[in-house]
Amino acid sequence: MADQSIPQTRTPEKAVNDGVSESASKEGLSRRRLLGTAGATGLVLGAAGGAVGYAARPAEATPLTSLGAEEVMFHGKHQPGILQGLQARGHLVAFDLAAGAGRKGAAALLRRWSETARRLMAGEAMASDDTDVARDAGPSSLTITFGFGHSFFARTGLDKQRPVALDPLPDFSSDRLDKARSNGDLWVQIGADDALVAFHALRAIQKDAGGAAKVRWQMNGFNRSPGATAHPMTARNLMGQIDGTRNPKPTESDFDRRIFVPSSGDPAWMANGSYAVVRRIRMLLDDWEQLSVKAQEQVIGRRKADGAPLTGGSETTAMDLEKTDAKGDLVVPLNAHARITRPDQNGGAAMLRRPWSFHDGIDTDGVPDAGLLFVCWQADPLRGFVPVQRKLDRGDALSRYIRHESSGLFAVPGGAAEGEYVGQGLLEG
């Protein structure tokens with residue numbers, strides 16, 4: 001959970017041109033459009049005392065809102081689901097190829113998946129055997145993103161095409177990883193601003209897999225719904241902290257260099273693509289919530305109320321790392337999370353974080369199984385995620401309140417051109 005984190009809220013707009021809005025393509029992708037919102041959303045169970053079934057009664061009919069009508073384009077320079085603002089509902093799912101599927105089977109699968117993604121993102125039904133779950137909904141900002149894991153290349157006989165950047169992540173001392181919920185041959189990220197639209201896409205992808213691949217693991221997440229706040233703001237995570245102040249912005253001159261593989265990159269099939277690090281980070285909320293607000297602020301290095309650095313100012317004020325208090329102690333502790341994760345404290349390492357919150361119920365000890373489905377994007381994980389995580393591993397004050405429980409690294413190729421499918425340059429090159 002680095003300080004350069006969760007995207008902020010954005011106003012729904014119809015998206016065109018590489019998955020961004022027409023206005024954004026004319027004026028440049030704004031911070032508001034890039035940096036969506038994350039945080040907790042509530043579930044209203046219905047009022048007590050009403051007639052049976054009252055809570056399930058459908059709302060009065062209203063025109064399709066801009067929220068439901070917003071469409072993200074499937075074809076473009078980059079795959080969708082990287083630059084768009086965070087959606088309210090998300091599913092992360094990894095697949096393993098069936099024995100014998102090989103390169104030919106993988107190509108057929110990616111061709112099916114790409115066509116299904118194109119149709120669903122446009123608000124259309126599946127080509128056949130649609131479940132009708134989203135029949136009455138608009139596109140709702142649906143995005144579907146595909147990636148390849150380290151093991152994919154051996155299974156398809158493409159070992160020579162495996163990028164060096166996809167080498168396994170190093171071990172970290174704080175990891176408590178469940179191998180059954182880590183890695184995978186293929187990875188799919190699904191996001192939408194409507195839960196039924198997201199679920200419809202999930203079922204479609206699972207059905208399309210057929211006998212070519214089986215689900216290895218699946219994780220479900222959520223973010224704040226667009227329009228849930230009176231004005232755009234940086235989101236709060238499940239710890240109640242404003243989280244996302246220092247996320248890289250596309251207006252920065254080196255943004256593309258840090259986040260995307262250049263068009264002349266190696267291997268060629270990864271041109272305009274990115275690498276996704278995916279981690280399930282459990283928050284030990286019972287322990288965290290026992291701390292006073294002041295103690296929580298010392299752990300993070302920022303004020304809880306508004307996200308401003310403890311050294312003063314507003315949320316976006318530069319943190320004064322050398323400032324001391326009347327006793328001569330550093331105002332921002334040496335092990336504060338916000339200090340450790342700063343790019344200027346990690347050789348310039350930066351990553352675009354686009355995570356989801358999760359809550360998977362209460363475990364047998366009565367403790368909430370909740371936290372962050374961490375997803376970060378970078379041109380090279382060895383220069384993005386790894387340096388920062390190594391620094392955190394050596395002494396982050398937040399580490400005692402979180403636990404990394406699963407991990408994956410995936411190569412996400414650039415967007416598919418009209419008439420092509422994702423990964424075609426790899427599978428047919």
Side-chain angles (χ1 to χ4, degrees), residues 1-8 31 34-35 38 169-170 172-174 233-237 239-259 274-275 277 279 281 283 288 294-325 329-355 372 374-402 404:
M1 296 186 352
D3 190 36
Q4 34 173 313
S5 177
I6 300 176
Q8 298 175 340
R31 178 182 179 182
L34 169 71
L35 304 180
L169 296 173
F172 300 104
S173 63
S174 59
M233 62 177 292
T234 309
R236 293 185 186 275
N237 59 33
M239 287 178 160
Q241 298 290 148
I242 286 182
D243 192 352
T245 302
R246 294 185 58 85
N247 225 11
K249 305 167 183 62
T251 54
E252 297 169 358
S253 60
D254 59 354
F255 177 84
D256 280 357
R257 178 180 63 82
R258 291 183 173 189
I259 307 305
S274 189
Y275 292 90
V277 174
R279 297 206 136 203
I281 304 176
M283 296 176 174
W288 175 256
K294 183 177 180 180
Q296 291 177 354
E297 291 177 339
Q298 289 289 304
V299 169
I300 300 299
R302 290 181 175 274
R303 294 200 299 253
K304 191 170 185 178
D306 57 8
L310 296 183
T311 51
S314 65
E315 180 188 349
T316 57
T317 300
M319 184 177 290
D320 183 354
L321 300 181
E322 304 302 322
K323 187 174 183 178
T324 57
D325 60 19
D329 297 326
L330 288 170
V331 174
V332 178
L334 287 174
N335 62 349
H337 186 74
R339 175 190 285 269
I340 292 176
T341 57
R342 290 169 56 95
D344 58 9
Q345 300 293 301
N346 295 280
M351 48 194 162
L352 176 64
R353 295 187 49 183
R354 196 175 182 276
L372 197 71
F374 175 97
V375 181
C376 74
W377 302 88
Q378 59 263 287
D380 184 349
L382 294 180
R383 297 181 179 180
F385 171 78
V386 172
V388 177
Q389 187 58 36
R390 278 178 171 158
K391 192 82 170 286
L392 292 170
D393 205 39
R394 289 197 294 267
D396 177 23
L398 185 62
S399 63
R400 64 180 296 184
Y401 302 103
I402 62 175
H404 290 241

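Side chains included, hydrogens not; waters and symmetry mates left out as well; all remaining heavy atoms used. Residues: numbered from 1 along the sequence shown.
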Engineer: How long is the straight-line distance from NE2 of H404 back to CD of Q389, given to the nearest 0.5 Å?
Structural biologist: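 Q389 CD to H404 NE2: 4.5 Å, rounded to 0.5 Å.
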Engineer: Shortest non-hydrogen contact from S314 to P309?
Structural biologist: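 In terms of heavy atoms, the two residues are closest at O-CD, 3.2 Å.
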Engineer: Looking only at atom types and distance, does a side-chain atom of Q298 sit under 3.5 Å from a main-chain N or O of A336, one as donor and one as acceptor?
Structural biologist: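 Judged by distance alone, no pair lies under 3.5 Å.
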Engineer: Closer than 3.5 angstrom, by distance alone: can the side chain of T311 be matched with the main-chain N or O of M319 as a donor-acceptor pair?
Structural biologist: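 Between the backbone of M319 and the side chain of T311 there is no qualifying donor-acceptor contact (under 3.5 Å).
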Engineer: Hey, what do you get for CG (L330) to CD (E322), rounding to the nearest 0.5 Å?
Structural biologist: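 Spacing of CG (L330) from CD (E322) equals 7.0 Å.
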Engineer: Between CG of N335 and CG of D396, what distance do you get to the nearest 0.5 Å?
Structural biologist: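 Between N335 CG and D396 CG, I get 7.5 Å after rounding to 0.5 Å.
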Engineer: Is there a side-chain contact between P343 and R246 in this structure, where contact means two heavy atoms from C-beta onward sitting under 4.5 Å apart?
Structural biologist: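 Sidechains of R246 and P343: in contact.
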Engineer: Treating D393 as the side-chain partner and S173 as the backbone partner, does any N or O pair qualify as donor plus acceptor under 3.5 Å?
Structural biologist: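 Pair found, side chain donor or acceptor close to backbone of S173.
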Engineer: Can any side-chain N or O of R302 pair as donor or acceptor with the backbone N or O of E315 at less than 3.5 Å?
Structural biologist: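 It does hold such a pair.
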Engineer: For the pair R339 (side chain) and L321 (backbone), establish whether a donor and an acceptor sit closer than 3.5 Å, ignoring hydrogens and angles.
Structural biologist: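 Pair found, side chain donor or acceptor close to backbone of L321.
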Engineer: Compare every heavy atom of T341 with every heavy atom of A338, then report the nearest pair and how far apart it is.
Structural biologist: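 Scanning both residues completely, I find the closest heavy atoms to be O-OG1, 3.6 Å.
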Engineer: For residues A350 and P248, report the shortest heavy-atom separation together with the two atoms involved.
Structural biologist: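 That closest heavy-atom pairing would be CB-CG, 4.2 Å.
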Engineer: Strictly distance-based, threshold 3.5 Å: is any side-chain N or O of Q378 a donor or acceptor partner for the main-chain N or O of F385?
Structural biologist: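 The answer is yes, because a donor-acceptor pair under 3.5 Å joins these two groups.
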Engineer: Does a side-chain heavy-atom distance below 4.5 Å link R353 with V375?
Structural biologist: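 No, side chains not in contact.
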Engineer: Atom CD1 in I281, atom OG in S399: separation rounded to 0.5 Å?
Structural biologist: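 It comes to 11.5 Å.
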Engineer: Taking all non-hydrogen atoms of both residues into account, name the closest pair between L310 and V331 and its distance.
Structural biologist: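 What the structure gives for the nearest pair is O-CG1, 3.4 Å.
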Engineer: Is any side-chain heavy atom of L352 less than 4.5 Å from a side-chain heavy atom of F255?
Structural biologist: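 In short, these two side chains touch, coming nearer than 4.5 Å.
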Engineer: From I340 CD1 over to L398 CG, what is the distance, rounded to the nearest 0.5 angstrom?
Structural biologist: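 CG of L398 is found 9.5 Å from CD1 of I340.
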Engineer: Apply side-chain contact (heavy atoms from CB on, under 4.5 Å) to residues M283 and N237 and explain how you reach the verdict.
Structural biologist: CA-CA 10 Å; M283 296 176 174; N237 59 33; 4.1 Å; yes
Engineer: Any chance you could lay out the side-chain contact (heavy atoms from CB on, under 4.5 Å) test for K391 and Q345, step after step, and finish with the verdict?
Structural biologist: CA-CA 9 Å; K391 192 82 170 286; Q345 300 293 301; 3.8 Å; yes
Engineer: How close do K249 and N247 get, heavy atom to heavy atom, and via which atoms?
Structural biologist: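 Residues K249 and N247, closest heavy atoms: NZ-O, 3.3 Å.
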Engineer: Does the side chain of K304 come within less than 4.5 Å of Q241's, by heavy atoms?
Structural biologist: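 SC-SC contact between Q241 and K304 confirmed.
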Engineer: Closest heavy-atom contact between F374 and P355?
Structural biologist: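 The pair with the smallest heavy-atom distance is CA-CB, 3.9 Å.
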Engineer: Please list, chain by chain and in numerical order, all residues satisfying salt bridge (charged side-chain N to carboxylate O under 4.0 Å, His left out) with R257, sequence neighbours excluded.
Structural biologist: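 With neighbours one apart ignored, the set is D254.
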Engineer: Determine whether a donor-acceptor pair (N or O, by modelled atom type, separation under 3.5 Å) exists between the side chain of W288 and the backbone of M239.
Structural biologist: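 Indeed, once roles are kept as given, a pair shorter than 3.5 Å links the two residues.
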Engineer: Rounded to the nearest 0.5 Å, how far apart are CD1 of I242 and CD1 of I300?
Structural biologist: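 I242 CD1 to I300 CD1: 11.5 Å, rounded to 0.5 Å.
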